[in-house]
Amino acid sequence: MKTVADLHMHTNHSDGTLNPTELARLARAQNVDAVALTDHDTVTGIKELVEETNRLGLEAIAGVELSANFHPGTLHILGYGFDPEGPIRGKLERFQKAREERNPRILEKLKALGMPLTLEEVQEIAQAKGQVGRPHIARALEAKGYVKSYKEAFDKYLTKGAPAYVSKAAWSAEECIDMLHESGGVAVVAHPVQMKLQGMELRTKIGELAGLGLDGLEVVHPDHKPEDRETFKQLAGEFGLLTTGGSDFHGDHKPGIQLGQGRPPYEFLERLRERIKERKGN
Ligand code: AMP
Ligand code: ZN
Ligand code: FE
Ligand code: FE
């Protein structure tokens, strides 16, 4: 019987450290029955992942994680169930371009702070295969001896408000949700606790997103305490949203997190699949 579906994880096509084949093998080793690869702004790792999950007899579903414009916290939107070789590829180009424009600006700021790095060095040191982002720059700063740790790189230089921080062009939640629907997928708010809203403000925002066609809320996530899970589960019920869960596994970039952590129930995936089918029928 299938019991665990981990629907949130990253590979080296974005800011995880394993490749898709290694990730599939780790899922098997951790007794995870189904996986969704949700790299930031890219779907290029999915083909390799599916080849390996098919070999291993695991279930896999296509995924992606987009960052939407938001205050006061962050709003990440997970997409599921689209064809990874289909129109979504072209639609993701502008998200990727925003990163390409931002990375050199971060490096300029670091240079001005006395820590020169080239983009090639970042790619080389971080072994990035696809989307390059702040986690790779943090690793490169560490490797060059400019900081003692990955965390120090973020806290001192790269986090929002720090001296080498550069904001990235992002799209509204509505644009992200529409883009996912137009690609044949569904849209789920990742780790809603990171929106940093409570009470009525949280309820109003979730209601608004539901009105825009949002399909679900990620309830099981390592950042969620039991009371957070309860809050988001209730809100999902209230607004007719699905519930999902995942580990947000990043390999060595988040060493405290195991693949399959939280053991998100397989039923979440069954309902998600029904919703994907309904949307495709429309
Ligand atoms: P980017 O997409 O380039 O803006 O990088 C975002 C990623 O950086 C997130 O997915 C996290 O993995 C990581 N990150 C963001 N803020 C921090 C932080 N304060 N400490 C450690 N990692 C962080
Ligand atoms: Zn990430
Ligand atoms: Fe996220
Ligand atoms: Fe993530």
Side-chain angles (χ1 to χ4, degrees), residues 6-18 23 35-43 45 63-70 72-80 92 95-107 109-110 117 119 122-123 126 128 130-142 147-171 173 176 187-196 217-224 244-259 261-262 264:
D6 188 337
L7 302 177
H8 189 163
M9 58 189 71
H10 300 267
T11 65
N12 58 359
H13 286 251
S14 68
D15 59 356
T17 54
L18 299 186
L23 190 73
V35 293
L37 174 58
T38 54
D39 273 317
H40 298 281
D41 305 333
T42 184
V43 295
V64 70
E65 183 172 13
L66 306 175
S67 311
N69 264 324
F70 193 71
T74 58
L75 176 55
H76 289 179
I77 301 186
L78 295 162
Y80 295 110
L92 285 171
F95 291 81
Q96 292 158 4
K97 208 156 156 261
R99 282 183 183 278
E100 282 161 24
E101 283 165 9
R102 174 208 212 191
N103 289 329
R105 293 175 57 212
I106 297 178
L107 298 183
K109 287 197 167 184
L110 288 170
L117 268 179
L119 198 53
V122 174
Q123 278 159 336
Q131 296 299 293
V132 172
R134 287 180 292 160
H136 305 110
I137 297 174
R139 282 287 171 228
L141 288 171
E142 187 189 5
V147 293
K148 287 194 194 69
S149 68
Y150 178 82
K151 188 176 180 307
E152 187 187 337
F154 264 97
D155 292 349
K156 265 194 168 157
Y157 303 111
L158 299 172
T159 199
K160 202 168 180 171
Y165 178 77
V166 175
S167 67
K168 172 162 59 77
W171 285 269
C176 294
V188 173
V189 171
H191 41 64
V193 74
Q194 291 183 16
M195 290 196 292
K196 297 203 163 94
L217 293 182
E218 187 177 55
V219 168
V220 176
H221 185 277
D223 288 356
H224 291 176
T244 71
S247 63
D248 208 355
F249 179 76
H250 280 71
D252 294 342
H253 285 161
K254 288 189 185 172
I257 307 267
Q258 306 298 312
L259 191 65
Q261 189 163 320

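All ligand and atom numbering here is 1-based and tracks the order in the structure.
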*Does H10 come within less than 4.0 Å of ligand 1, judged by its heavy atoms?*
no
_Nearest-contact summary for atom 13 (C) of ligand 1 - protein heavy atom, Å_ = F154 CZ, 3.6 Å
*Under 4.0 Å from a heavy atom of G133: give me the atoms of ligand 1 that qualify, with their elements.*
3 (O)
*Have a look around the Fe ion (ligand 4) and list protein N/O/S atoms under 2.8 Å, or say none.*
H8 NE2, H10 NE2, E65 OE1, D248 OD1
*Can a salt bridge be assigned to the pair K97 and E100 using a cut-off of 4.0 Å between side-chain N and carboxylate O?*
no
*Show your reasoning for whether side chain to side chain contact (heavy atoms under 4.5 Å, CB included) applies to D15 and H136.*
CA-CA 7 Å; D15 59 356; H136 305 110; 4.0 Å; yes
_Does the plane of the ring in H191 sit parallel, tilted or perpendicular to the ring in H221? Use 30° and 60° as the thresholds._
perpendicular
_Proximal ligand 1 atoms for R99, defined as those under 4.0 Å from one of its heavy atoms_ = 1 (P), 2 (O), 3 (O)
*Any atoms of ligand 1 less than 4.0 Å from a non-hydrogen atom of D15? List them with their elements.*
7 (C), 10 (O), 12 (O)
_Minimum non-hydrogen distance to atom 4 (O) of ligand 1, winning option of K160, Q131, H136, R134_ = R134
*Do we see a donor-acceptor contact under 3.5 Å between the side chains of E218 and H224?*
no
*Going by heavy atoms in the side chains, are R139 and Y150 under 4.5 Å from each other?*
yes
*Which atom pair, heavy atoms only, marks the closest approach of I106 to R134?*
CD1-CG, 4.0 Å
*N/O separation below 3.5 Å, R102 to ligand 1*: yes
*asked:* Would you say H76 and Q194 are linked by a side-chain donor-acceptor pair, where the criterion is simply a distance under 3.5 Å?
replied: no
*Answer whether the closest heavy-atom distance between the side chains of L18 and L259 falls below 4.5 Å.*
no
*asked:* Give the atom numbers and elements of ligand 1 that come within less than 4.0 Å of a heavy atom of T159.
replied: 19 (N)
*Side chain or backbone of H40 under 4.0 Å from ligand 1, or both, or neither, by non-hydrogen atoms?*
side chain
*At the 4.0 Å heavy-atom cut-off, does K254 count as touching ligand 1?*
yes
*Please report the closest heavy-atom contact between V147 and A153, naming both atoms and the distance.*
CG2-CB, 3.9 Å
*What pair of heavy atoms forms the shortest contact from T38 to L7, and how long is it?*
CG2-O, 3.5 Å
*Go through the steps to decide whether T11 and M9 satisfy the test side chain to side chain contact (heavy atoms under 4.5 Å, CB included), and finish with yes or no.*
CA-CA 7 Å; T11 65; M9 58 189 71; over 6 Å; no
